[in-house]
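On a predicted model such as this, the values are computed, not experimentally measured, just so you know. Proteins get letters first, then strands, A, B, ... in listed order; numbering begins at 1 in each.
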Amino acid sequence: MPELPEVETSRRIVLTDLEGHTVERVVVRLPKLFRSSEIPSAESLIGHTVIGARRRAKVLMIDFSGDLTLMVHFKLAGQLSVHHPDGRRATAGHPVPKPDGEYPHKATHVEIWFDDGTVAYFSDIRQFGWFRLMPSENVDAAIDAFGFGPEGTGDERISLEALKKALSRRSIPVKTAILDQSLVAGVGNIYADEALWFARIFPGTPANQLSAVAVRRLWEGIDHALIQGLAQGGATIIHQKAYPVDGFPAVHGREGEPCPRCGTPIQKIEIGTRGTYFCPKCQKRPRPKNGGSASGTEIG
DNA sequence: TGCGTTGTTTCACC
DNA sequence: CGGTGAAACAACGC
């Protein structure tokens with residue numbers, strides 16, 4: 001599922017592969033993806049040139065000449081694949097359609113053709129994503145409306161103090177807390193599991209029960225997991241099964257496989273309605289503070 | 001074929 | 001107002 005690393009990789013593809021190119025033709029096969037677009041027709045892009053690309057949280061923004069910005073959210077299964085006339089391809093996001101397969105795929109809903117024959121294919125097998133075309137001057141307000149918190153990594157990375165403060169106010173499972181985009185932006189189900197595994201924290205631990213040391217490890221874990229995902233251009237997960245590269249992802253999508261750190265089989269449980277993968281040995285539940293003998297406190 | 005899937009919004013409630 | 005938990009929603013593949 002496209003999270004910060006996958007969307008950031010898409011942004012970089014737009015910059016390296018599309019910047020300076022001018023739109024010649026647009027094909028929209030699924031108009032409902034523009035249902036909440038201020039400018040209803042993608043045809044408005046014709047004749048305009050890509051001049052930049054931005055990202056905030058999991059939202060991609062492609063800036064065009066003529067003060068137009070195309071805002072894209074990949075949700076569960078969005079994918080951008082850019083194909084050049086010489087056969088070169090650059091793909092980011094969900095692994096379906098296959099990056100080296102035939103395009104357009106049946107899940108390819110938008111095609112943007114550029115003047116030199118380069119094509120940008122937007123696919124989304126789940127059709128949960130959306131496109132919004134708007135005057136560039138409206139972008140800031142549109143982003144503000146999401147209420148995103150600081151980013152999980154990079155220049156706008158959340159500070160340790162801010163993370164500590166936010167977690168101390170929440171009694172919900174720490175995993176649920178870091179999935180909250182208003183607390184820290186860009187972390188989704190994959191990277192939440194990875195960050196908690198790195199930090200050796202049980203995902204169901206109430207956020208406000210973490211020690212200062214644990215919060216610091218989590219802060220580092222979030223950064224680390226996102227950077228690692230970015231280094232690989234995103235994770236490959238198909239039907240809840242991970243296809244790890246260089247040990248990443250370590251736990252997400254790897255139920256029953258040995259923990260890379262200790263060899264204990266990875267378990268899958270549900271935390272806050274989300275499928276959650278963790279190592280039962282590295283990520284132990286915290287001991288209940290008082291009330292000793294009774295059955296273990298139910299968390300999550 | 002009904003269920004699982006996740007990011008986001010909405011809502012009732014404390 | 002802010003935190004919580006649950007439900008709703010999008011639509012597909014298995």
**Prompt:** What pairs of residues pass the salt bridge (charged side-chain N to carboxylate O under 4.0 Å, His left out) test when at least one of them lies in residues 80-89 of chain A, not counting sequence neighbours?
**Reply:** A:D86-A:R88
**Request:** State which residues pass salt bridge (Lys or Arg N to Asp or Glu O under 4.0 Å) with A:R29; sequence neighbours excluded, sorted by chain then number.
**Result:** A:E111
**Item:** End axis versus end axis in the helix from B:dG2-C:dC14 to B:dC14-C:dG2, the angle rounded to 10°, five pairs used at each terminus
**Value:** 40°
Pull out every protein N or O sitting under 3.5 Å from an N or O of nucleotides 12-14 of chain C, one pair per line with the distance.
from: C:dC12; atom 1: OP1; to: A:Q127; atom 2: OE1; distance (Å): 3.3
from: C:dC12; atom 1: OP1; to: A:Q127; atom 2: NE2; distance (Å): 2.5
from: C:dC12; atom 1: O2; to: A:R126; atom 2: NH1; distance (Å): 3.2
from: C:dG13; atom 1: OP1; to: A:K106; atom 2: NZ; distance (Å): 3.2

Protein-nucleic acid N or O pairs under 3.5 Å, nucleotides 8-14 of chain B:
from: B:dT8; atom 1: OP1; to: A:H73; atom 2: NE2; distance (Å): 2.3

**Request:** Check the distance between B:dG7's C1' and A:I178's CD1 and give it to me in whole angstrom.
**Result:** 15 Å
**Aromatic ring proximity A:Y191/A:F248, centre distance under 6.0 Å** = yes
**Asked** Hydrophobic cluster mates of A:F128, side-chain heavy atoms under 4.5 angstrom, ILVMFWY only, any path?
**Response** A:L76
**Prompt:** Can you check the A:Y277 OH to B:dG4 P distance for me, whole Å?
**Reply:** 13 Å
**Request:** Establish, yes or no, whether a centroid distance under 6.0 Å links the rings of A:H94 and A:F74.
**Result:** no
**Prompt:** Taking only side-chain nitrogens and oxygens of A:K175, does any of them come within less than 4.0 Å of OP1 or OP2 of B:dT6?
**Reply:** no
**Item:** Pairs where residues 35-46 of chain A contributes a residue and the test salt bridge (charged side-chain N to carboxylate O under 4.0 Å, His left out) is met, not counting sequence neighbours
**Value:** none
**Request:** Take the protein atom CZ of A:F128 and the nucleotide atom C1' of B:dG4, then report the distance between them rounded to whole Å.
**Result:** 11 Å
**Request:** Starting at atom CG of A:D180, determine the distance to atom P of B:dT6, rounded to an integer number of angstrom.
**Result:** 17 Å
**Fill in**
Taken in chain and number order and not counting sequence neighbours, the residues that satisfy side-chain contact (heavy atoms from CB on, under 4.5 Å) with A:T264 are A:C262, A:C279, A:P280, A:K281
**Whole-Å distance separating the CD atom of A:E270 from the C1' atom of C:dA6** = 12 Å
**Request:** Taking only the side-chain nitrogens and oxygens of A:S171, find out if one of them lies under 4.0 Å from OP1 or OP2 of C:dT4.
**Result:** yes
**Message:** Considering only residues two or more places apart or on different chains, which pairs with a residue in residues 151-181 of chain A satisfy ring-ring contact (aromatic ring centres under 6.0 Å, His included)?
**Reply:** none
**Message:** For residues 151-187 of chain A, which residue pairs pass the ring-ring contact (aromatic ring centres under 6.0 Å, His included) check, not counting sequence neighbours?
**Reply:** none
**Prompt:** Rounded to whole angstrom units, what separation is found between the CZ atom of A:F131 and the P atom of C:dA10?
**Reply:** 18 Å
**Request:** Please report, rounded to the nearest Å, how far the C1' atom of B:dT5 is from the NE2 atom of A:H252.
**Result:** 10 Å
**Prompt:** Touch check for A:K241, heavy atoms < 4.0 angstrom, all strands: base, sugar-phosphate only, or nothing?
**Reply:** nothing
**Message:** Other members of the hydrophobic cluster containing A:W130, with the 4.5 Å side-chain heavy-atom rule, please.
**Reply:** A:V59, A:M61, A:M71, A:M134, A:V139, A:I143, A:F146, A:F148
**Among B:dG7, C:dG3, B:dT5, the nucleotide that comes nearest once only the side chain of A:R169 is considered** = C:dG3
**Prompt:** Between atom CZ in A:F74 and atom P in B:dT5, what is the gap in whole Å?
**Reply:** 23 Å
**Inter- and intrachain pairs under salt bridge (charged side-chain N to carboxylate O under 4.0 Å, His left out), touching residues 138-164 of chain A, at least two apart** = A:R55-A:E151, A:R56-A:E151, A:R157-A:D223
**Message:** Hydrogens and angles aside, do A:H252 and A:N189 bring a side-chain donor and acceptor to less than 3.5 Å of each other?
**Reply:** no
